[in-house]
Amino acid sequence: MRQIEHHYINGAFVASHGRGTADLHNPATEAVIGQVRLGDATDAAAAIAAAHAALPAQAARSVAERLEQLSRYRDAMAARKDALREAIIEEYGAPSARSQWMAEHPVQVIEDAMTVLRQFPFERQVGQARVRLLPVGVAGLITPWNSNASFICGKLATALAAGCTAVVKPSEMSALQTQVVMEALHAAQLPAGVANIVNGLGEDVGAALSASPAIAKISFTGSTGTGRAILRASADTFKRTTLELGGKSPTILLDDADPAQAALLAVQAGFMNSGQACIAGTRILVPESRRAAFEAALTAAVQAVRSGDPTDPQTDVGPMVSARQWQRVQGYIHTGLAEGARLLAGGEGRPQGLPQGWFVRPTLFTDVRNDMTIAREEIFGPVLSIIGYRDDEDAIAIANDTTYGLSALVIGTDRERAGRVARRIQSGRVLVNTLAHEPLAPFGGMKQSGIGRESGAWGLEAFLEPQTVLEG
Ligand code: NAD
């Protein structure tokens, strides 16, 4: 049993003032594997005060000094890859390949922030004016459980690169992973107070960050509902906000796509991170003219997906993170059936032979209409919906008929046509025949998938405030 008792405040591990605890679980066995002590408003205030005190010095540090900080942080995360991977498997249940990637990705996101920082023009001449880009102030960084260390490291590295200081409020369900990040920060010997982490609930520590007048900026990744609450709470003090929220991303299979190849890519897009991905392509749009061929190929591809023990290298989809998340996914499968969708694969309950653990059956629905609940709401599990369309115009209209706008995938043999369709989708990112990722390009959502962008120069600018200087 692991007991996580400390926050990381002002360069030290500090005992929590908050007295509550939350159980940590192994989602593959449902066993309780530890407890995390939950911080309260007093812990949040201590971290905010430390970040506030450390701000003037961090803002004044040169690019070379900030790069030096980030390289120590990167190296400390790299040295803890194995520990992080173990925590990811035990506490989150990500399958082998995914957990390996999740353990290495934090190092990469810090490196990406360094690449941007090396090239970024913090001062520019605009006509007669000198424009300076200044650190916005103390940043509150609030992160979800579905890629805990990457989100913390990406946000924190970018904040520090900008000359800001920060207080991180990670998900209380990821405390073992967060502990590895805290230990790396301590080993990196960053100046006291520049980076603080407080474990706790969103309604306590998260809300304290959103309300604090000493916090100038909130960078949040999580659900659209929580994003809305944070935006409201931030309004009183006019905080700058970056919100990376949910999605209901379309995957459009054009009528010239090869069904087998398209199905493989579409299922990969839908089931990434065991379906617990904001960018998951969960609405699969297929042409009515070739519906039977696409349905057959998609069914075969979903039936080939293995849901089970995350430590087995053959496993594609691991357990859901929590009992609550398992119930939520079951509820959506139930609603899909009740609203008249037809199952092609999977369904309610656990996969055969897995009586325990928060495992779900990789599920594929067809005969889904875009106004059904399973086509409107984010499920956050391995549940995909096939929706038929008449022609390209109809496909574009259905793809855009959503409150979300995070990502989209278009698959087709005629690349020019696929590109034309892709450019008409209202989402922050559109992919054509690929699941590639460009870490220096902006990432974020249109509509209710968010506000602002992370990554690349756009991500750094989100922690900066321009000042125009004119001298007579
Ligand atoms: P969540 O919104 O429940 O929680 C995210 C974080 O916000 C947690 O740390 C939580 O404690 C905190 N929080 C909760 N209430 C709060 C409040 N009132 N004030 C301040 N903070 C509060 O999300 P989750 O369940 O942890 O993560 C899943 C969600 O995250 C999905 O909707 C998914 O789409 C989204 N997500 C988005 C992206 C993206 O980049 N767009 C990436 C990953 C996940």
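Counting starts at 1 for both ligands and their atoms, following the listed order.
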Which residue and heavy atom of the protein sit nearest atom 41 (N) of ligand 1, plus the separation
Leu245 O, 2.6 Å

Could you name the option among Ser171, Pro144, Ser210, Ser322 that has the heavy atom nearest to atom 27 (O) of ligand 1?
Pro144

Distance alone, cut at 3.5 Å: any donor-acceptor contact between the side chains of Asn148 and Thr178?
yes

So is Gly445 touching ligand 1 or not, going by heavy atoms under 4.0 Å?
no

Verify salt bridge (charged side-chain N to carboxylate O under 4.0 Å, His left out) between Lys169 and Glu172, making sure each step is shown before the conclusion.
CA-CA 8 Å; Lys169 204 308 274 179; Glu172 69 281 5; 3.7 Å; yes

Looking only at distance, does Glu378 have an N or O less than 3.5 Å from an N or O of ligand 1?
yes

Should Thr224 be counted as touching ligand 1, given the test is an N or O pair under 3.5 Å?
no

Do any heavy atoms of Gly450 fall under 4.0 Å from ligand 1?
no

For atom 25 (O) of ligand 1, find the nearest protein heavy atom and state the residue, atom name and distance (0.1 Å precision).
Trp145 NE1, 3.0 Å

Starting from atom 5 (C) of ligand 1, which protein heavy atom do you reach first, and at what distance in Å?
Phe220 CE1, 3.7 Å

Hey, is ligand 1 close enough to Thr226 that some N/O pair sits below 3.5 Å?
yes

Work out whether the distance between some heavy atom of Glu172 and some atom of ligand 1 is less than 4.0 Å.
yes

Taking only non-hydrogen atoms of Lys169 and a 4.0 Å limit, the atoms of ligand 1 in range are 8 (C), 9 (O), 10 (C), 11 (O)

Provide the number and element of each atom of ligand 1 under 4.0 Å from a heavy atom of Phe443.
40 (O)

Distance filter under 4.0 Å to Ile230 heavy atoms, resulting ligand 1 atoms
19 (N), 20 (C), 21 (N)

Answer with yes or no whether the side chains of Asn26 and Glu30 bring together a donor and an acceptor at under 3.5 Å.
no

Whether the side chain of Glu91 engages the backbone of Leu176 through a donor-acceptor N/O pair (distance < 3.5 Å, no angle test) should be reported.
yes

Provide, to 0.1 Å, the distance between atom 13 (N) of ligand 1 and the closest protein heavy atom, together with that atom's residue and name.
Gly202 CA, 3.3 Å

Winner among Ala229, Gly200, Gly222, Gly154 once heavy atoms are compared against atom 30 (O) of ligand 1
Gly222

Check this for me: does any side-chain nitrogen of one of Glu465 and Arg240 sit under 4.0 Å from a carboxylate oxygen of the other?
yes

Side chain or backbone, does Ser223 bring an N or O within less than 3.5 Å of an N or O on ligand 1?
yes

What protein heavy atom is closest to atom 39 (C) of ligand 1, reported as residue, atom name and distance in Å?
Cys278 SG, 3.2 Å

Looking only at heavy atoms, what is the nearest atom pair of Ala301 and Val267, with distance?
CB-CG2, 3.7 Å

